[in-house]
Amino acid sequence: MNVLVIGGAGYIGSHVVYELADAGHKVTILDNFSTGLHENVDPRACLVEGDMQDHALVRSLLKKGDSCDKHQPFDAVFHFAALKAAGESMTHPEVFTEANLIATMHLLNLMSENDIRRFVFSSSAAVYGNPEYLPIDEAHPQKPINYYGYTKLAIEHTLEWYSKLKGLRFAALRYFNAAGYDVKGRVRGKEQNPANLLPIVMEVAAGNRDMMQVFGDDYPTRDGTCIRDYIHVSDLASAHLKAMDYLVNEDKDLVINLATGEGYTVLEVIREAEKVSGLSITRETTERRPGDPADLVATSTLALDTIGWKAQYSDIHTLVSSMWEVYK
Ligand code: UFG
């Protein structure tokens with residue numbers, strides 16, 4: 001297959017590009033390197049440096065097809081190029097409107113114009129909002145509590161309409177907490193100024209940050225800290241390939257959680273990192289962070305039933321040790 005991966009130099013996108021190239025697919029990356037890293041680009045992929053908000057560029061790319069050699073039309077588009085800081089989405093919604101909503105809507109129109117009918121979309125657990133029951137399945141009510149989550153949900157709704165109206169076939173993959181690094185050690189670029197738990201823990205262990213904060217230890221959980229469903233990025237990558245195969249072979253849409261059904265607390269993550277690194281992680285407990293639910297875990301049985309996917313690398317040891325390989 002000839003595929004376009006928008007955001008293919010980013011954290012999740014770069015892992016998916018490696019998997020796609022391993023499976024023999026021809027990959028073109030479009031990335032503006034706002035957060036993507038050149039060192040994470042698979043050398044087998046062909047690279048277009050540019051912004052997906054540059055509609056003229058996207059139009060010509062989709063029209064021309066891959067820019068590597070033969071200019072064959074794209075069979076599918078993967079889209080990872082979005083903003084993801086939920087807190088910032090509440091203070092600067094306009095930026096999220098442009099980068100997440102408008103850019104994606106334009107992309108869908110340009111795909112339609114060029115008769116490209118397969119789309120693999122990075123959705124998020126944030127489409128659900130506060131859990132009304134656990135574990136979260138795909139039928140859980142969708143009431144995002146931040147604008148970031150709303151942008152993902154609005155795009156999912158547009159995809160449903162374009163499926164009906166334009167014959168688009170889409171996979172919306174609702175990631176829970178992505179973490180870890182390529183189990184084969186190929187992606188090694190570190191996220192700058194991370195806001196998520198695991199890279200912060202790693203930076204403290206590696207001495208790039210003096211200390212970290214644990215946001216609240218009075219939650220109704222086994223040790224008082226929040227529980228999250230961490231999913232290894234190599235598991236996410238394999239799910240993307242299976243999702244594309246599903247669109248091709250079944251010619252049906254797919255909306256699935258990518259999760260493990262098992263959660264770890266903040267302190268369990270920190271302790272595992274101390275064990276793996278042999279170092280102590282300096283921390284202080286602070287107030288709860290606004291908007292954090294105590295517990296967020298999800299079932300992925302639908303992913304197993306539809307695309308035969310199950311997490312393989314998302315146990316806490318593999319998650320943490322694959323990251324320490326990069327950060328140590
Ligand atoms: N945490 C800390 N200290 C830190 C950072 C995080 O204690 O310095 C805690 C948080 O309070 C939370 C847990 O670690 O309990 C995980 O926090 P993250 O920020 O890593 O992840 P979130 O669960 O808040 O958010 C993730 C994605 C979002 C997505 C959301 C969906 O990062 O993009 O899941 O539920 F929207």
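Every number for a ligand or one of its atoms is a count from 1 in the order of the listing. Heavy atoms only: backbone and side chains are in, while hydrogens, waters and symmetry mates are out.
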What is the ring orientation for Tyr128 with His140, classed by angle as parallel under 30°, tilted 30 to 60°, or perpendicular over 60°?
perpendicular
Both conditions, 6.0 Å and 45 degrees, for the charged tip of Arg288 above the ring of Tyr219: are they met here?
yes
Side-chain donor/acceptor pairs under 3.5 Å, residues 46-54, sequence neighbours excluded:
{"from": "Asp51", "atom 1": "OD1", "to": "Gln53", "atom 2": "N", "distance (Å)": "2.7"}
{"from": "Asp51", "atom 1": "OD2", "to": "Asn32", "atom 2": "ND2", "distance (Å)": "3.2"}
{"from": "Asp54", "atom 1": "OD1", "to": "Ala56", "atom 2": "N", "distance (Å)": "3.4"}
{"from": "Asp54", "atom 1": "OD1", "to": "Leu57", "atom 2": "N", "distance (Å)": "3.1"}

Is the count of non-hydrogen atoms from other residues, nucleotides or ligands lying under 6.0 Å from Glu132 atom CD greater than 12?
yes
May I ask you to establish whether Lys190 and Tyr327 are in a cation-pi arrangement, using a distance under 6.0 Å from NZ or CZ to the six-membered ring centre and at most 45° from the ring axis?
yes
Which protein residues come within less than 4.0 angstrom of ligand 1, counting heavy atoms only?
Lys84, Ser124, Ala125, Ala126, Tyr148, Asn177, Ala195, Asn196, Leu197, Ile200, Gln213, Val214, Phe215, Cys226, Arg228, Tyr230, Val266, Arg289, Asp292, Leu296
What is the ring orientation for His106 with His55, classed by angle as parallel under 30°, tilted 30 to 60°, or perpendicular over 60°?
parallel
